[in-house]
Enquirer: 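Before I ask anything, here is the structure I am working with.
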Amino acid sequence: MPKRASLGEQRNEHQLATVRHFRRSKQVLVADSELELGSVLDQVLAADLANSSAAPGGEASWPAIRVDSIRSEFVS
């Protein structure tokens, strides 16, 4: 989630340009606001669970555990 100068969180909007770059690369999922954070976390969990189901034991990896922790902390 980029910090925004318009909200007094940064001195300029450089993080918005960085987010546009990451979004084009398809390597990073981006939440533009706290309202989108839950949806992005769901995408991360779904991808991790899909990958772990093919692994021996089918256990969720540490990223999934960390995402659950972030969700409980920041998403209501």
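Hydrogens, waters and symmetry mates play no part in the numbers below; they use all other heavy atoms, side chains included. Index from 1, following the sequence.
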Enquirer: Arg23: what forms a salt bridge (charged side-chain N to carboxylate O under 4.0 Å, His left out) with it, not counting sequence neighbours?
Expert: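 Result, salt bridge (charged side-chain N to carboxylate O under 4.0 Å, His left out) vs Arg23: Asp32.
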Enquirer: Please identify each residue that fulfils side-chain contact (heavy atoms from CB on, under 4.5 Å) with Gln15, with sequence neighbours left out.
Expert: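 By the side-chain contact (heavy atoms from CB on, under 4.5 Å) rule, Gln15 matches Pro2, Lys3, Gln10.
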Enquirer: Quick one: side-chain contact (heavy atoms from CB on, under 4.5 Å) partners of Leu7, sequence neighbours excluded?
Expert: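 Residues passing side-chain contact (heavy atoms from CB on, under 4.5 Å) with Leu7: Arg4, Glu9.
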Enquirer: Considering only Ile, Leu, Val, Met, Phe, Trp and Tyr, and joining two whenever side-chain heavy atoms are under 4.5 Å apart, list the other residues clustered with Phe22.
Expert: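 Listed partners: Val19, Val28, Val30.
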Enquirer: Testing the basics here: between Ala5 and Arg11, what is the closest heavy-atom pair and its distance to 0.1 Å?
Expert: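 Of all heavy-atom pairs spanning Ala5 and Arg11, the closest is CB-C, 4.0 Å.
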Enquirer: With rounding to the nearest 0.5 Å, note down the distance linking CG in Asp42 to CG in Leu29.
Expert: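 Output value for this atom pair is 11.0 Å.
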Enquirer: Supply the atom-to-atom distance Leu16 CG to Ser6 OG, rounded to the nearest 0.5 angstrom.
Expert: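 Rounded to the nearest 0.5 Å, the CG-OG separation comes to 7.5 Å.
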Enquirer: Got a sec, which residues hit side-chain contact (heavy atoms from CB on, under 4.5 Å) with Arg24, two or more places apart in sequence or on another chain?
Expert: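 Applying side-chain contact (heavy atoms from CB on, under 4.5 Å) to Arg24 gives Arg20, His21.
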Enquirer: List the residues meeting side-chain contact (heavy atoms from CB on, under 4.5 Å) with Ser33, not counting sequence neighbours, and say none if there are none.
Expert: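 Partners of Ser33 under the side-chain contact (heavy atoms from CB on, under 4.5 Å) test: Leu35, Glu36.
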